[in-house]
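Positions are given from 1, in the same order as the sequence printed here.
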Amino acid sequence: LTYKWYSDKEGYLGTGDNISLSLSTGGNHTISLNVSDNSGNFGVSYRTISINNIPPTVSIHQPLELSVHNFGDNISFNGSASDSDGFIANYTWKANSTVINSDSSANSQNVSSSFNHSSLAIGTFLINFTVWDNDGAQTEENKTIRINSEPTANIISPIDGSSYGVDENITFNGSGTDINGSITSYNWSVDGFQLGSTSTFNTSFSIVGTKTVVLTVTDDLNANGSTSIDINILPVIDSCTTIDNSGSYLLGQKIGRAHV
């Protein structure tokens, strides 16, 4: 007698009246045993068995959990999945309930998914990566990220283009706004050197020239916003006496002292 075994899902399984093997596809299998003799007579017997499916595994590599991204950033998304007893049939990425990427015909035992997305609004999002295997088993992973709005810096005083004398006391006053948080720090600078770290302060300059003043504000999610103005620092003449409209001076007359 000749014995041949078949599965309706995996096809030919082997020969012999007693075989041992592992089935790689989960779900219900119809097993058939075909028996024939050397005269051409044969018979068939069927039995249905159930194989437990092993769900796929999935992992989100990017973005990181609780990461913060500025509004409009081109965010990198990267994930992988595998199925030990079949293959990944399809997958979807969602931001909250909105699908941002998918593949309905992945059809591979190991899947890597990478893309960029820049259209998330300001707020908090649950990033979901869900995969399905060829037997319908589903596995998912979630990461929470936040989309932040950069703060806005505003210099109230001094006014852009205004002029002051050497060593003159100047009041600096600024503010910051953040539509989805709060301002946590102020930094005033000129040519990379810090002038102050509060919203309002006073200082003076001892060197003449045009100064570019930069105000940078930082919000509670560590995002920065900056603005700048130019002010002019002029020399100071202590005294000056002219004797006529020509601008001539008396011999030996003290013209003045310029601070530079």
Donor + acceptor pair across side chains of Ser204, Asn169 (<3.5 Å): no
Beyond-backbone contact of Val166 with Ile233, side-chain heavy atoms, under 4.5 angstrom: yes
ring-ring contact (aromatic ring centres under 6.0 Å, His included) partners of Tyr6, counting only residues at least two apart: Tyr12
Side-chain heavy atoms of Ile31 within contact of Leu13, under 4.5 Å: yes
Pair Ser105, Asn107: side-chain N/O donor-acceptor within cut-off below 3.5 Å: no
Ser104/Asn90 under side-chain hydrogen bond (donor to acceptor under 3.5 Å, both in side chains): CA gap, chis, key distance, verdict: CA-CA 5 Å; Ser104 60; Asn90 56 82; over 6 Å; no
For Ile145, the option from Leu120, Thr124, Leu126 that meets side chain to side chain contact (heavy atoms under 4.5 Å, CB included): Leu120
Ser76: side chain to side chain donor-acceptor pair (under 3.5 Å) partners, not counting sequence neighbours: Asn116
ILVMFWY network linking Val68 to Ile179, side-chain heavy atoms under 4.5 angstrom: no
Thr212 and Asp230: side chain donor to acceptor below 3.5 Å: yes
Check: Phe87 main-chain N/O paired with Asn134 side-chain donor or acceptor under 3.5 Å: yes
Residue pair Trp5 / Leu33, side-chain heavy-atom distance below 4.5 Å: yes
Pair Asn173-Thr200, side-chain donor/acceptor within less than 3.5 Å: yes
Between Ser82 and Thr57, a side-chain donor and acceptor under 3.5 Å: yes
